Amino acid sequence: MIGTLQETSLHHDLKQWCARPADRLEVVVDGYEVDVVGHGRLVEVQTGSFSALKAKLAALLPDYPVQVVYPIAKERWICRVDDRDRPISRRKSPKRGRIEELFGELLRLPETAVHPNFSLLVLLTQEEVVWRDDGRGSWRRRGWSVADRRLLAVLDETLFNQPADYQRLIPADLHGPFTNRDLAESLAVRRPLATKMTYCLRRMDLLEQVGKRGRFNLYQRIGTAITE
């Protein structure tokens, strides 16, 4: 951990990546500390749960344009260190993040995402995660704790500046009403992620439920005609 706020290296590096010349970092605005301020915008880097942003966004969005920057690790390396931070091993994780994973966090504030002062910048990154052998971590990691996350590179960026930008993540081949299973198969993702997508898009008034196919709900883009 680095910095006075015990932020991860990833959070610190992304603030530096986002900042433009003359921007100020860690500025208090209306009682809330904001990561980057300048050029008529407030920028919040969020590497964890969007739940932590609810109160801040509710207070700031009525008066300020706020952009949330959210990284998704397209490529990740796991670096293991001992309890004295001496390197033990380094390997590439088989998991590959993708843009649709944003809905795993967006479901915590879908209505906020369509506020006219809100925008979301999603970064696909290369990231290194440091595991420390201190016996304090999750049982899934057999006691290894996550000591830090580090930004290696930004591979791609996607800006969601208006509601229609989210709707474009629905594949073009889904012309008529579709189920969560149809969406999952078209995107080659697991069905729980497809369910999060349809939940968010419905709450954002970008999808509507138009019936059922057997026991499965049917959805379609708002503003399109029912074709089946």
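Heads up: numbering here begins at 1 and tracks the sequence. Since this is a predicted model, take the numbers as computed values, not measurements.
The residues Glu75 and Arg96 are annotated as salt-bridged, a charged nitrogen and a carboxylate oxygen being separated by less than 4.0 angstrom. Salt bridge status for Asp156 with Lys74: absent, with no side-chain N to carboxylate O gap under 4.0 Å. The pair Asp85-Arg132 meets the salt-bridge criterion, since a charged nitrogen lies less than 4.0 angstrom from a carboxylate oxygen.
Residues Leu187 and Met197 share a closest heavy-atom pair of CD1-SD, 3.6 Å. Looking at every heavy atom in both residues, Gln167 comes nearest to Leu201 through N-CD2, 4.4 Å. The two atoms that bring Leu61 and His115 nearest to each other are O-CE1, 3.4 Å, heavy atoms only. Across Thr47 and Pro71, no two heavy atoms sit closer than the pair CG2-CG, 3.9 Å. Closest approach of Arg41 to Cys18, counting heavy atoms only: NH2-O, 3.2 Å. Counting all heavy atoms, side chain and backbone alike, Leu107 lies closest to Tyr199 at O-CE2, 3.8 Å.
There is a path of hydrophobic side-chain contacts, each under 4.5 Å, that joins Phe103 to Leu124. Ile72 and Leu155 are assigned to two separate hydrophobic clusters, defined by single-linkage of ILVMFWY side chains at heavy-atom distances under 4.5 Å. Hydrophobic clustering of Ile, Leu, Val, Met, Phe, Trp and Tyr side chains at less than 4.5 Å, counting indirect connections, keeps Leu123 apart from Leu53.
From Tyr32, atom OH reaches atom CG of Leu57 across 9.5 Å, with rounding to the nearest 0.5 Å. In this structure, CG on Asn161 lies 10.0 Å from CG on Leu121, to the nearest 0.5 angstrom. Separation of atoms NZ (Lys196) and CG (Asn180) is listed at 12.0 Å; rounding is to 0.5 Å. Atoms NE2 and CD, from His11 and Gln46 in turn, are 6.5 Å apart once rounded to the nearest 0.5 Å. Considering CZ of Phe50 and CZ of Arg108, their distance stands at 9.5 Å, rounded to 0.5 Å. Taking CG of Leu206 as the start and CG of Asp165 as the end, the distance is 10.0 Å to the nearest 0.5 Å.
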Should Leu60 and Val34 be marked as a side chain to side chain contact (heavy atoms under 4.5 Å, CB included) after you check the CA-CA gap, both sets of side-chain angles, and the distance that decides it? CA-CA 10 Å; Leu60 297 178; Val34 178; 4.0 Å; yes

Can Lys212 and Leu218 be said to form a side chain to side chain contact (heavy atoms under 4.5 Å, CB included), step by step? CA-CA 5 Å; Lys212 284 182 174 289; Leu218 281 170; 5.7 Å; no

For Leu159 and Gln67, what are the C-alpha separation, side-chain angles and deciding distance, and is it a side chain to side chain contact (heavy atoms under 4.5 Å, CB included)? CA-CA 9 Å; Leu159 177 62; Gln67 182 176 98; 3.7 Å; yes

Kindly indicate, with the supporting measurements, whether the criterion side chain to side chain contact (heavy atoms under 4.5 Å, CB included) is fulfilled by Phe178 and Leu207. CA-CA 11 Å; Phe178 57 88; Leu207 276 187; 3.9 Å; yes

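Of the candidates Arg91, Lys92, Arg149, Arg90, Glu128 forms a salt bridge (charged side-chain N to carboxylate O under 4.0 Å, His left out) with just one, namely Arg90. When each of Ile99, Leu106, Val114 is checked for a side chain to side chain contact (heavy atoms under 4.5 Å, CB included) with Phe160, only Ile99 meets the rule. Only one option out of Val69, Leu25, Asp35 pairs with Val43 in a side chain to side chain contact (heavy atoms under 4.5 Å, CB included); it is Val69.
Trp77 forms part of a hydrophobic cluster together with Leu152, judged by ILVMFWY side-chain heavy-atom separations under 4.5 Å.
In terms of modelled atom types and a separation under 3.5 Å, the side chain of Asp148 and the main chain of Val130 share no donor-acceptor contact. Between the side chain of Ser49 and the backbone N or O of Ser51, at least one donor-acceptor pair lies under 3.5 Å.
Within a 6.0 Å radius of CZ in Arg98, other residues, nucleotides and ligands contribute more than 12 heavy atoms.
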